[in-house]
2 protein chains.
Amino acid sequence: MPTSEPIDIFKERLKAARALRGLNQAELAAKAGLPPASVSHFESGPRKPSFDNLKALATALDVTTDYLLGRADTPEASAATVGRLHRDLGKLTEQDLKLATEFVDLLVKRGIKEGE
Amino acid sequence: MPTSEPIDIFKERLKAARALRGLNQAELAAKAGLPPASVSHFESGPRKPSFDNLKALATALDVTTDYLLGRADTPEASAATVGRLHRDLGKLTEQDLKLATEFVDLLVKRGIKEGE
DNA sequence: ATGGAACTTGACGGTTTCGCCAATCCAAGT
DNA sequence: ACTTGGATTGGCGAAACCGTCAAGTTCCAT
């Protein structure tokens with residue numbers, strides 16, 4: 001069951017994405033061009049980023065804004081990679097799409113225990 | 001000289017996405033739970049949407065926020081076609097993602113020669 | 001126990017968006 | 001010419017975010 005109630009997905013996602021990149025708040029802040037305290041406010045306080053800061057954070061972390069916003073479930077390794085793959089999916093025939101689905105399904109199941 | 005840089009991509013994208021759905025500002029506003037004037041402000045004025053309103057707009061239009069923000073090139077939100085697959089991609093490890101990419105790449109190339 | 005690094009929290013004034021309303025413009029259609 | 005529906009624009013107070021700073025916490029290493 002989806003234990004994570006949507007208390008504040010953004011905070012979680014931001015922290016997760018930052019951890020994924022192995023950055024501390026100050027480093028992320030530098031990359032995104034904003035003060036360290038702001039990052040902390042986003043992760044712990046009630047603040048939500050503005051239009052521009054959201055973009056800056058997503059770019060600095062190389063994740064989609066949809067992920068940060070909780071609109072997409074993808075931990076989003078590389079936006080470019082996933083983007084290309086997704087674009088290519090559109091070129092597939094119906095049955096090839098099914099093939100691809102099965103293949104990915106396999107990978108997912110196989111990779112679950114290798115979480116970390 | 002990249003002077004041709006759109007001054008405000010968001011405005012364009014918002015208008016485009018709305019047109020794509022065949023909605024007028026009032027209708028979009030209703031769907032997103034906003035006053036019609038706000039939509040107009042976004043499309044024509046200097047205002048940029050807040051965190052919550054950005055989400056609302058993207059949801060109402062069924063596009064990614066990355067698209068609206070100009071961080072992605074395709075509206076590509078309605079993952080209805082490849083929904084499950086796209087969702088699963090997020091669960092893949094970096095290297096499995098690469099595998100999947102190659103696999104799909106193969107299918108695409110193979111499918112092209114077989115006509116449509 | 002002392003020190004430092006990472007992070008949290010609270011406050012401040014300044015800026016921007018918020019929702020709302022009213023006025024206005026514009027391109028039809030009648 | 002007049003009206004109508006869609007869109008633009010501007011002003012209003014309220015609310016939220018902004019960057020900044022200063023103190024506080026927690027935890028780890030010396």
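The chains referred to below are lettered A, B, ... by the order of the sequence lines, with proteins before strands, and numbering in each begins at 1. As a basis for the values below, the full set of heavy atoms in this structure was taken, side chains included, without hydrogen atoms, waters or symmetry mates.
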Donor-acceptor pairs are to be reported for all side-chain atoms of residues 32-44 of chain B against protein atoms at under 3.5 Å, with residues two or more places apart or in another chain.
residue: H41(B); atom: ND1; partner: A37(B); partner atom: O; Å: 3.2
residue: E43(B); atom: OE1; partner: R18(B); partner atom: NH2; Å: 3.0
residue: E43(B); atom: OE1; partner: Q25(B); partner atom: NE2; Å: 3.0
residue: E43(B); atom: OE2; partner: R18(B); partner atom: NE; Å: 2.7

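Heavy atoms only, all atoms of each residue included: L69(A) and K55(B) are closest at O-CD, 3.9 Å.
Rounded to a whole Å, the NE2 atom of H41(B) is 10 Å from the P atom of dC18(C). Put simply, CG on L23(A) is 15 Å from C1' on dC7(C), counting in whole angstrom units. Distance K15(A) NZ to dC7(C) C1': 11 Å, rounded to the nearest Å. Atom pair K11(B):NZ and dT9(D):C1' shows a separation of 12 Å (rounding to whole Å applied). As rounded to whole Å, 14 Å separates atom C1' of dA15(D) from atom CZ of R47(A). Distance, F42(B) CZ to dT16(C) C1': 11 Å, rounded to whole Å.
Here the CZ atom belonging to R71(A) is positioned 4.0 Å from the OG1 atom belonging to T59(B), to the nearest 0.5 angstrom. Between L68(B) atom CG and L54(B) atom CG the span is 6.0 Å, to the nearest 0.5 Å. Separation of atoms CG (D62(A)) and CZ (R21(A)) is listed at 5.0 Å; rounding is to 0.5 Å. To the nearest 0.5 Å, atoms CD1 (I9(B)) and CG (L14(B)) are separated by 13.5 Å. Taking OH from Y67(B) and OG1 from T65(A), the interatomic distance works out to 13.5 Å, rounded to the nearest 0.5 Å.
Taking a 4.0 Å limit (strictly below) on heavy-atom distances, residues 49-56 of chain A reaches DNA chain D at P49(A), S50(A), N53(A). Within residues 24-37 of chain A, the residues having any heavy atom closer than 4.0 Å to DNA chain C are, in order of number, N24(A), Q25(A).
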So which protein N/O to nucleotides 25-30 of chain C N/O distances come out below 3.5 Å?
none

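Each end of the helix from dT8(C)-dA23(D) to dT30(C)-dA1(D) gets its own axis from five base pairs, and the two axes differ in direction by 30°, given to 10 degrees.
OP1 or OP2 of dT8(D) sits under 4.0 Å from a side-chain N or O of S44(B). Dashed line: the shortest gap from a side-chain N or O of R18(A) to OP1 or OP2 of dA6(C) is not under 4.0 Å.
Within the 4.5 Å cutoff, side-chain heavy atoms of L57(B) are placed close to those of L28(B).
Under the rule for a salt bridge (Lys or Arg N to Asp or Glu O under 4.0 Å), the partners of K48(A) that lie at least two apart in sequence or sit in another chain are D8(A).
When distances run from any side-chain atom of S38(A) to the nucleotides dT9(C), dT8(D), dT20(D), the shortest one goes to dT20(D).
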